[in-house]
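Have a look at the structure below, then the notes.
First the proteins, then the strands, lettered A, B, ... as listed; each starts at 1. These values consider heavy atoms only, across backbone and side chains, with no hydrogens, waters or symmetry-generated copies. The structure displayed is predicted, hence computed values, not measured ones.
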Amino acid sequence: MMDKGRRPRSFYVLGAFFGVFVLFLYGPLSAIILLSFQGPSGGLTFQMNDISTHWFTALFAQQRVRDFWGAFQRSLALATLVTLLTVVLLLLAGLAFRRRFRGATALFYLAVASLIVPSILISLGIGLMFNILGWETAWYSSALGGTSHLDATVRRAHHVRRFQPVQSLLRGGGV
Amino acid sequence: MQVAPLTLVFVGFLFFPLLAIVVVSFWDYTAYTTVPTFVLTNYRDVLSSSVTYTTYVNTFKYAGFTWFFTLTIGFTVAYFLAFHVRTFIWQLVLFLICTVPFLTSNIIRMISWVPFLGRHGIFNSTLQAMGLISEPLEFLLFSDFAVVLAFVHLYTLFMAIPIFNSMMRIDRSLLAAAADCGASDGQVLRDVIIPLSKPGMAIGSIFVVTLVMGDFITVRLMSGGQSASVGLMMMNQIALLQYPAAAANAVILLIVTLLIVMAMVRIVDIRKEL
């Protein structure tokens with residue numbers, strides 16, 4: 001770190017605060033990683049009875065009630081689809097928002113609204129809409145609409161407007 | 001033309017679902033079926049039930065505490081990163097460190113508190129080993145404390161990022177000017193930095209409050225089913241297939257949330273941040 005002049009004492013106080021914050025973020029997570037190597041008789045509390053990969057083997061084993069790979073593939077497919085769609089849609093929208101067009105303000109407020117509306121309402125609404133229309137709900141239709149567009153997408157819509165489309169594409173992954 | 005797809009998505013997955021909620025909230029229902037008519041009983045049931053009010057009070061309590069802690073912590077973290085970390089590279093590195101845990105799912109981050117807070121969890125055993133307490137503290141897990149803790153853990157970054165954005169836009173010469181005029185660090189913070197980062201605080205607050213207001217899974221997991229939130233109440237109705245009741249609840253929640261957001265926007269003009 002470049003050092004121009006002596007740092008005030010507040011730097012160290014705040015730095016310590018930041019350190020505690022990072023611990024707060026990582027502490028529980030690291031505990032759960034450690035506990036995943038728990039022996040067969042252990043549970044979700046800290047008495048490491050044994051160190052083993054018992055739970056990992058159990059996870060990957062095919063079972064009647066829990067199908068790890070099936071769920072994993074669905075998640076992966078959903079994530080891929082959502083990413084592709086958001087990139088394409090938002091790139092287009094970003095291009096359009098470079099100049100004014102009819103309905104720009106309305107669309108913009110719609111985007112802001114989608115950020116504000118609690119996501120449980122969107123899920124409920126999409127479920128109801130599919131119900132009314134008599135469509136089948138499935139992970140590739142209703143869930144796709146729900147998860148993707150209203151949560152992640154729009155947060156990116158924000159960036160698109162703020163930082164011009166190309167840059168926002170480069171920013172890519174991070175919401 | 002270029003916005004047509006996005007508009008379609010918004011109309012199809014935002015506007016129509018909300019419309020569907022409003023329509024269904026006027027329908028009637030029996031134990032097994034939903035009847036498309038126009039009745040106000042759902043609203044009457046919701047508004048006349050004392051459960052609704054206690055649940056809303058509970059949810060506001062969660063939102064208030066979470067808002068206070070995320071704002072305090074988020075502001076401090078953003079302040080440190082924006083004004084005390086001097087190079088861009090370090091700012092980026094430290095920010096990434098904060099972001100990595102956010103790449104895992106909410107639920108995993110919630111569950112990971114269990115080994116910490118449980119009766120025989122790390123926290124209790126440490127305190128007992130130090131001789132500070134003789135009995136394990138019961139209030140740590142499955143309590144309102146646990147719910148707020150989880151919310152703060154989940155959402156502080158949503159507060160820190162907009163505030164950091166606002167702070168990075170503050171012209172550094174303003175700070176120098178204030179210092180030259182004899183302002184102490186505290187005065188600079190109070191009279192320059194805090195007023196100028198208000199839009200960021202408002203945006204962060206909107207995120208956090210709306211997320212907490214609509215939440216059900218955190219409350220369910222961390223309170224062990226002992227307290228309720230509005231979202232949880234709706235989920236229970238959905239589970240009982242009482243869609244119209246849930247829809248009426250949803251409409252009220254939407255109105256309440258929008259009122260809160262409007263109040264925030266009234267206080268702080270966020271438009272220049274968008």
Where does [X] contact chain A at under 4.5 Å (heavy atoms): side chain, backbone, both or neither?
X        : answer
B:Leu149 : both
B:Leu19  : neither
B:Tyr79  : side chain

After noting the C-alpha distance and the side-chain angles of B:Val77 and A:Phe17, does the key distance pass the side chain to side chain contact (heavy atoms under 4.5 Å, CB included) rule? CA-CA 8 Å; B:Val77 167; A:Phe17 184 89; 4.0 Å; yes
Ring centre gap for B:Trp113 and A:Phe24 strictly below 6.0 Å: yes
Starting at CG of A:Leu25, measure out to OG1 of B:Thr156 and round the result to the nearest 0.5 Å. 7.5 Å
To the nearest 0.5 Å, atom SG of B:Cys98 lies from atom OH of A:Tyr26 at 7.5 Å
Quick check: do A:Pro28 and B:His153 have side-chain heavy atoms less than 4.5 Å from each other? yes
What I'd like to find out is whether the side chain of B:Thr76 reaches to under 4.5 Å of the side chain of A:Phe21, using heavy atoms alone. no
More than 12 heavy atoms of other residues, nucleotides or ligands under 6.0 Å from CZ of B:Arg220: is that the case? no
So which residue, B:Leu258, B:Leu18, B:Leu94, B:Ile89, ends up with the most heavy-atom pairs under 4.5 Å with chain A? B:Leu94
For chain A, which of B:Thr99, B:Asp185, B:Val100 has the most heavy-atom pairs under 4.5 Å? B:Val100
